[in-house]
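None of these values were measured; they are calculated from a predicted model.
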Amino acid sequence: MGLNQAPITVMIENYRTGLVWKNFMSNPEIGEMLEKLDAETRK
């Protein structure tokens with residue numbers, strides 16, 4: 001696969017099953033980052 005086609009397959013899989021997003025959100029660092037970003041936007 002070319003460099004420009006690989007992300008398309010990831011996006012299709014995420015659309016179908018949500019697997020990519022679930023794995024991304026299971027990382028504890030991501031939750032902490034989102035909380036900090038939310039706190040920053042509320043200032």
Side-chain angles (χ1 to χ4, degrees):
M1 294 192 109
L3 289 176
N4 56 345
Q5 292 177 346
I8 294 170
T9 59
V10 173
M11 288 187 284
I12 291 170
E13 180 60 27
N14 193 47
Y15 176 77
R16 289 179 61 237
T17 64
L19 179 66
V20 177
W21 185 252
K22 290 175 194 170
N23 285 335
F24 177 74
M25 292 303 291
S26 69
N27 184 339
E29 294 172 347
I30 299 302
E32 293 173 19
M33 177 202 59
L34 290 174
E35 288 175 9
K36 289 178 182 177
L37 286 174
D38 188 46
E40 290 293 322
T41 58
R42 293 181 189 260
K43 286 184 179 179

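Clustering of Ile, Leu, Val, Met, Phe, Trp and Tyr by side-chain heavy atoms under 4.5 Å joins Ile12 with Ile8, Met11.
Judged as a ring pair (Phe, Tyr, Trp, His ring centres under 6.0 Å), and not counting sequence neighbours, Tyr15 has no contacts. With sequence neighbours left out, the side-chain contact (heavy atoms from CB on, under 4.5 Å) criterion links Val20 to Val10, Asn14. Scanning for side-chain hydrogen bond (donor to acceptor under 3.5 Å, both in side chains) contacts around Thr17 gives Glu13, with sequence neighbours left out.
Sorted by first then second residue, the side-chain hydrogen bond (donor to acceptor under 3.5 Å, both in side chains) pairs that include residues 20-37, not counting sequence neighbours, number zero.
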